[in-house]
Every structure is written in C-alpha cells, then in structure tokens.
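Below is one structure, written out as structure tokens, with a few remarks after it.
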Amino acid sequence: MSARPDETASRRQEFYDRLAQRNLSPLWLSLAALVTKQPSSGCKAAVWRYPEIRALLMEAGGLVSVEEAERRVLVLENPMFAGQSRITTSLYAGLQLVLPGERARSHRHTQSALRFVLEGTGAYTAVGGERTVMHPGDFIITPSWEWHDHGNDTPDPVVWLDGLDIPLVQALDASFMEHLGAVEQPVTRPVGDSLARYGSNLLPVDHRASGLTSPVFSYPYARTREALETLRRNGEPDPCHGYKMRFVNPVTGGFAMPTIATFMQLLPRGLATQPYRSTDATVFTPVEGEGRTHIGDTVIEWSARDVFVAPSWATVRHEATGDAVLFSFSDRPVQQATGLFREERLS
Ligand code: GTQ
C-alpha cells in the first residue's frame, strides 16, 4: 500500500498530536539529538578576566549588603547557558566577596562546595566548628550538608572562586537547604585542628573511614606549591599536563570531594604542552604566571586569577609564557564512578 507523501506527512502529524496528548513522543524524531556521537551540550570555551570581575564585585559590595544577599556572589555563566547558573553542563562557579567586618550567615545544603582563594589573607570560613583561615591559593572544602559561615575580620576584602555541583544536584532533584538560625556556628575546635589531625600524613589511631568528603577542609597553597617545585627539580614534566597533581582524600586515596575533582599543575616557563581531550569539562584559574591555552579553535590568554573553562571533549593545550601554576576542577569523580570518563592524548 502506498500513500502520497503529503498524505503520509499529515497522517503522521495527526498521530504525533494524539501521542502528545497522552504524554508520549516518537523516539525516531529525537534519537540522534539524544544519543549523540560525542559530547554536544553546547558548553563553550570562555574566559573571565579578574580585574574586570573584581571591579564589578566591588560595585556589588556597595550595592548589596551581605545580610541581604546571604552570599555576595557574581555567578560565572557559560555564554551558551545564559540564565542557567552553570559554567559547564554539570558545575557552577562564582566569585564571592566578603568585605571587612562582614559575616555571611550560617547555612547548609546538599550541594558540595569548594572555595579557591583569589585575594585577601586572614578571612575564614567555618566548617565543622572550626574556622579555616584563608590565604591566596588555598583550596578549601565545604562538604555536603555541613553548616558553613564565612567571616572577614581583616581590613581588606577577601575574594574567592566558588565551585559547586549545583547543576548536578539540580539534574538529580536532590536539593535541600537550611538556615542555622544564628549568624555563626559555635566554634568548637581551634584553627588548624583538622589539618593536624587529617592533613599531616597521619590519622587519629581509631579513625574509621566515614563520609565521602575529605576530612581535610583546607589544602594550603604553600604546601602544594612546595611539592610542585620539588617535582620540577626532580624530573621531566608530563607532555600534556606539566607537573599536575590531584587533591586527595587522605582516608580513601580518592578525590577530595565526591562530585568534584580538584587539581594543581605547574607549567614551567616556555613549556608548550601536547594536546589532550577528556570528557570532564574543566574550570581553570591560574594562581601565578601567564600564558595561553588553546581550547578547540579558541585561544585564551590568561594571567593570575582569571577564570577560564574548557568544554567536554575539546582539545586542550597550554603554553606558559612565565612559570605558571593552574588550579582546576571538574566532575571527573562522577564520571569515573559511573564508567563514563574518557581521556585521550592526541599527539
Ligand atoms: O558560600 O554557601 O557561590 O550556598 C553559591 C551558593 C556560595 C556559599 C555560592 C552557596 C554559597
């Protein structure tokens, strides 16, 4: 039986309309867009320059109090995801400002957060009853469902990069949040306690693995930097990554956070790395130095405290024009736990 093409089309359309009324849809119209040959979210390479964002953040400081804002943050939105508060498909990033004398009140949520300190020494974030003092380059964790409040008793503003798994938690529809009801959580442990207890190549003798997040809330930059410098003296850099290390949960050997991987890499002056690509879209922020990164067809020039993002499966190669140190984060733990992670060296 053969029908005229326009008759077929109209019969099909009438059928699709009836399907829609029953909350059904024909897969044959969407299969190619749903199951793509390679990653295709539309996430784009992009850069935010620190001097520019800093000026806007300070302007926000004059316009909105921390009490009103709860968290005074400018969200870094991928240009392809405008209005969606995501820098990659699965991750959120923002720049947070706490002015001298301010307190950002205590709350907790199921989203995990990392803080990467860009500017200011001596402010703190409190987690688990302990204040973690911030220095530029420190990587600090706020685990899922832990109370946290931020404070700045120094004469200078503090600015850090927030990285959260907000879009991931959104996709899973598993967001919960509460306010403590007091501005600050009670301080029950002295500064430095968790670093001595868990971050000194030691663990309390009766410690049993519990929880998915590293008990080391703070990974001070001084230690990280020293390790990278020693590695540089001792051997050749990796062709694709320079001297690149991942932050570790000392109890499990796994990533420091269950949903977000964090890395620090040293690229010696003049190093041009070989291209690679991986399925974990990655947010980078240089701590020191300057250079450029080729991401697909895009070239991003960067210097310290800029933030840039490389999409999933985009070819990445770096060129350091001065000795450079890059902090970065991605959703690699989730991709590895689910068997999705892929990485390829292209040279
Ligand atoms: O500091 O608790 O950038 O709850 C977004 C959500 C920071 C925070 C953000 C948050 C926080």
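Everything numeric here is computed off the predicted structure, so don't read it as measured data. These numbers come from the heavy atoms of this one structure, side chains and all, not from hydrogens, waters or symmetry mates. One-based numbering, in listed order, for ligands and for the atoms of each.
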| What are the two closest heavy atoms between Tyr276 and Lys244, and how far apart are they? | OH-NZ, 4.4 Å

| message | Using a strict threshold of under 4.0 Å (side-chain N to carboxylate O), is an ion pair present between Arg232 and Asp323? | response | yes

| Residue list, side chain to side chain donor-acceptor pair (under 3.5 Å) with Thr154, at least two apart or on another chain | Asn152

| Hey, what's the ring geometry for Tyr219 with Phe247, parallel, tilted or perpendicular (30° and 60° as the breaks)? | perpendicular

Can you produce the list of protein nitrogen or oxygen atoms under 3.5 Å from a nitrogen or oxygen of ligand 1, alongside each distance?
unit_1	atom_1	unit_2	atom_2	d
ligand 1	1 (O)	Arg71	NE	2.9
ligand 1	1 (O)	Gln96	NE2	3.2
ligand 1	1 (O)	Arg115	NH1	2.9
ligand 1	1 (O)	Arg115	NH2	3.4
ligand 1	1 (O)	His150	NE2	2.8
ligand 1	2 (O)	Arg71	NE	2.9
ligand 1	2 (O)	His107	NE2	2.8
ligand 1	2 (O)	His148	NE2	2.8
ligand 1	3 (O)	Tyr92	OH	2.7
ligand 1	3 (O)	Asp162	OD2	2.7
ligand 1	4 (O)	His107	NE2	3.1
ligand 1	4 (O)	His109	NE2	2.9

| Is there side-chain contact between Tyr92 and Val73, with heavy atoms separated by less than 4.5 Å? | yes

| Where do Trp48 and Glu77 come nearest, in terms of heavy atoms and distance? | CZ2-O, 3.2 Å

